[in-house]
2 protein chains.
Amino acid sequence: MRSSVLKRRATLQDVAKAAGVGPMTVSRTINGHPYVAEETAKKVREAIRRLDYRPNHAARMLTGKLSRSIGLIVPDISDTFFSVVSHAVQDTARANDYLVWLAASDEDPLIEAAQVEMMTHHPVDGILLVPSDSRNAYLKTIVTGSTPIVTIDRPMEVATSDSVQVENRSGARMAVEHLLQHGHRKIACVAANSHLLTIKERIAGYKESMRRAKVPYLKELNLSNQLSAKAALSKLFAGRSRPDALFTANNASTIWVIEALRDLGIQMGTDVALVGFDDVDFFTLITPSVTAVRQPASELGNVSVRQLLQRINGEFKTSSVRTVLPVTLTIRESCGCKPKNKTAE
Amino acid sequence: MRSSVLKRRATLQDVAKAAGVGPMTVSRTINGHPYVAEETAKKVREAIRRLDYRPNHAARMLTGKLSRSIGLIVPDISDTFFSVVSHAVQDTARANDYLVWLAASDEDPLIEAAQVEMMTHHPVDGILLVPSDSRNAYLKTIVTGSTPIVTIDRPMEVATSDSVQVENRSGARMAVEHLLQHGHRKIACVAANSHLLTIKERIAGYKESMRRAKVPYLKELNLSNQLSAKAALSKLFAGRSRPDALFTANNASTIWVIEALRDLGIQMGTDVALVGFDDVDFFTLITPSVTAVRQPASELGNVSVRQLLQRINGEFKTSSVRTVLPVTLTIRESCGCKPKNKTAE
DNA sequence: CTGAAAGCGCTTACAG
DNA sequence: CTGAAAGCGCTTACAG
């Protein structure tokens with residue numbers, strides 16, 4: 001049994017003794033304070049190296065220091081969109097020497113509130129949140145707390161807080177207008193989770209475009225799962241107002257619709273055009289490849305971290321800052337456009 | 001300016017004073033110690049509620065308590081496979097009242113080592129790690145440290161530690177044998193990241209199956225990106241040993257191969273059969289749908305957390321426990337099997 | 001430029 | 001069953 005394994009970790013006191021100085025000198029050296037004689041600092045650094053000393057984070061925090069950690073709460077880490085956001089968050093947090101606590105709410109406000117609670121009291125310096133229900137009352141209490149919060153993707157409806165989101169409405173309009181340009185007039189809107197403000201905005205964008213084009217819009221379809229998607233589409237296409245194009249308002253609905261169309265034997269791109277909101281990498285692998293509104297998922301993550309850190313460091317004078325990021329339309333084939341030239345060999 | 005915002009958080013002392021008892025009694029009540037008169041406990045709980053008291057985590061840890069947090073380090077959070085693992089880890093950690101630090105190494109051992117360092121000294125009670133390089137020397141030092149570590153997916157090669165992984169070799173054999181049963185003999189193996197032990201095992205499984213079937217195996221292809229994939233495949237299919245089937249050893253190679261085949265005008269499923277290792281949800285959306293070896297990604301996450309917590313709680317007497325999870329073959333169309341019946345309406 | 005004192009909020013022995 | 005003392009490892013004033 002190696003005794004070294006059981007050896008107690010060196011403390012700041014140990015370093016002070018080893019270097020023959022007072023504890024404060026060690027503390028100052030570590031924290032890069034001015035007023036430490038270079039010669040003394042050298043001795044201290046040498047002792048730190050020799051003892052393999054690392055500051056105890058818990059002790060530091062007890063004396064009121066920042067934890068240099070932030071919390072991130074998303075509905076589902078394995079979701080394509082949120083996993084990209086999470087990766088970006090972690091990435092720019094690391095660039096700022098911040099660690100991130102990751103939690104999933106499973107779209108359950110109770111779990112979410114509990115996670116916020118755990119994080120708040122851990123404590124973290126700030127929280128990045130994708131609210132599962134932006135109208136839940138508990139949000140009101142957390143924004144008045146002492147932990148800064150910035151929402152990602154879904155701004156709160158019951159309170160005002162820092163937020164970073166995407167141009168949902170104009171993104172939807174880009175999609176619908178592209179379909180209109182193709183000459184389509186019977187454009188149906190299909191969504192999932194249409195209770196979310198984000199999705200409502202996209203639906204509003206759809207209606208806005210239709211209205212401007214002086215085309216009557218169809219009642220939008222809200223899908224709750226893959227099975228219901230098939231039934232709903234089957235009914236929609238059998239009815240008298242059979243659409244010639246579809247705007248799917250989020251990636252879940254896009255995927256469900258693609259599967260349903262395939263099962264129903266309706267050819268996407270020829271029988272019916274389709275443009276989705278939220279682009280996913282594998283859309284290029286589907287035949288025909290899927291045209292979609294691309295959200296800057298990584299940027300959403302990066303920007304929100306920066307905004308939170310600025311808030312933590314008190315760099316804002318304003319009560320709340322809202323950032324809205326632009327989206328772009330990635331044109332592929334499902335809208336009816338010609339396939340791109342394959343790169344020649 | 002609301003004064004309540006600035007109000008100092010209640011401490012254990014405040015609660016003691018408010019309840020008219022000593023601090024120890026409050027501490028005991030919180031921690032559920034026996035020997036606290038029910039009447040006293042009631043007073044304490046009431047004071048806690050009234051003052052909205054929450055124990056200070058930092059102070060607790062300073063006195064040697066567990067942090068009730070674990071670290072998770074994966075190469076890439078946005079990767080389909082790792083995002084599912086991460087979600088599962090977070091899920092079962094929460095079920096045990098544990099918080100998880102999430103970090104991405106970007107397959108860089110330097111970043112990874114730095115993250116381990118940060119986590120170790122934060123501290124966390126244990127670390128879940130997907131090593132970017134299972135032979136890196138730094139791994140030796142961390143296994144002898146005081147923080148328990150269990151590897152996920154990729155066991156260490158330079159040291160012995162707890163690990164949770166998947167049956168790579170036999171999984172590859174299932175895939176290749178399925179192809180052999182289809183009558184294919186010229187089966188090529190295509191991989192990415194073939195320096196990883198995990199991938200080597202899959203390649204070994206491929207060779208093993210070929211050897212047993214007394215069929216010569218082709219030299220395996222190692223792809224490093226999408227572009228090289230197309231060039232390599234083009235060459236492979238132009239050569240005299242043009243394969244009639246492909247075994248792709250991980251999801252990156254599967255996707256690159258599918259794109260390359262499409263660009264080269266080679267029909268998957270008819271011109272060449274394909275079975276991949278690592279199943280991804282959207283494989284059902286590709287035409288033809290992709291047959292693949294499915295890894296129990298969620299279970300990998302769940303099991304590894306449980307194993308780590310057991311290690312943290314000292315429930316193991318053994319020096320290291322290795323868990324190997326089985327995989328299954330999900331048969332779809334790219335292998336040459338008939339499409340499943342669409343579910344009738 | 002440097003150090004001794006006091007305290008952050010809790011818990012572990014030790015006494016009642 | 002309950003409490004006063006001491007200490008966990010740091011840092012913030014306060015003195016030199």
Side-chain angles (χ1 to χ4, degrees), chain A residues 6-48 51-69 118 120-125 146, chain B residues 6-48 51-69 118 120-125 146:
Chain A
L6 303 172
K7 207 163 47 186
R8 191 177 117 274
R9 265 236 299 278
T11 72
L12 184 141
Q13 291 284 354
D14 299 332
V15 175
K17 221 162 292 172
V21 301
M24 272 320 296
T25 305
V26 179
S27 176
R28 290 200 185 87
T29 311
I30 293 169
N31 295 299
H33 274 244
Y35 304 135
V36 179
E38 182 47 33
E39 205 178 337
T40 319
K42 204 175 292 175
K43 278 194 300 184
V44 172
R45 278 192 230 101
E46 166 57 19
I48 287 177
L51 274 59
D52 191 32
Y53 168 74
R54 297 290 186 302
N56 180 313
H57 212 86
R60 276 190 157 168
M61 288 183 45
L62 237 203
T63 58
K65 289 296 193 190
L66 289 181
S67 68
R68 292 202 82 79
S69 66
M118 278 184 88
T120 305
H121 297 284
H122 218 83
V124 293
D125 296 345
S146 50
Chain B
L6 303 171
K7 205 164 49 185
R8 189 177 119 275
R9 263 236 303 277
T11 71
L12 184 142
Q13 290 284 354
D14 299 333
V15 175
K17 221 161 291 173
V21 298
M24 271 320 297
T25 303
V26 178
S27 176
R28 290 198 184 89
T29 309
I30 292 167
N31 295 298
H33 274 245
Y35 304 134
V36 179
E38 182 46 36
E39 206 179 337
T40 318
K42 204 175 292 174
K43 279 193 301 185
V44 172
R45 277 191 231 102
E46 166 56 21
I48 288 178
L51 274 59
D52 192 33
Y53 167 74
R54 296 291 187 303
N56 179 313
H57 213 85
R60 276 189 157 169
M61 287 181 47
L62 238 202
T63 57
K65 288 298 193 190
L66 289 179
S67 68
R68 292 203 81 81
S69 67
M118 279 184 88
T120 305
H121 297 283
H122 217 83
V124 294
D125 297 344
S146 51

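Quick note on labels: first sequence line is chain A, next is B, and so on, each numbered from 1.
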Do [X] and [Y] make a side-chain contact, defined as non-hydrogen atoms from C-beta onward lying under 4.5 Å apart?
X	Y	result
B/R28	B/M24	yes
B/T40	B/T25	yes
A/Y53	A/D14	no
B/I48	B/I30	yes

Response to the item:
Residue set satisfying salt bridge (charged side-chain N to carboxylate O under 4.0 Å, His left out) with A/R54, at least two apart, ordered chain then number -> A/D52, B/E117
Worksheet item: What string of B, S and - do you get for nucleotides 10-16 of chain D, 5' to 3', when a contact is any protein heavy atom under 4.0 Å?
Response: BSBB---
In whole angstrom, give the distance that lies between atom [atom1] of [X] and atom [atom2] of [N].
X	N	atom1	atom2	result
A/M61	C/dG9	CE	P	12 Å
A/H57	C/dC8	NE2	C1'	15 Å
B/E38	D/dT2	CD	P	10 Å

Worksheet item: Between D/dG3, D/dG9, C/dT2, which nucleotide has the shortest distance from any of its atoms to the side chain of B/V21?
Response: D/dG3
Discussion item. With a 4.0 Å cutoff (strictly under), does any side-chain N or O of A/T25 reach OP1 or OP2 of C/dT2?
Written reply: no
Worksheet item: Looking at A/T40, does any N or O in its side chain come under 4.0 Å of the phosphate oxygens OP1/OP2 on C/dT2?
Response: yes
Worksheet item: Considering every strand shown, what is the Watson-Crick or G-U wobble mate of D/dC1 when both distances are under 3.5 Å?
Response: C/dG16
Worksheet item: Is B/D125 reaching over with its side chain to a backbone N or O of B/L66, donor-acceptor style, under 3.5 angstrom?
Response: no
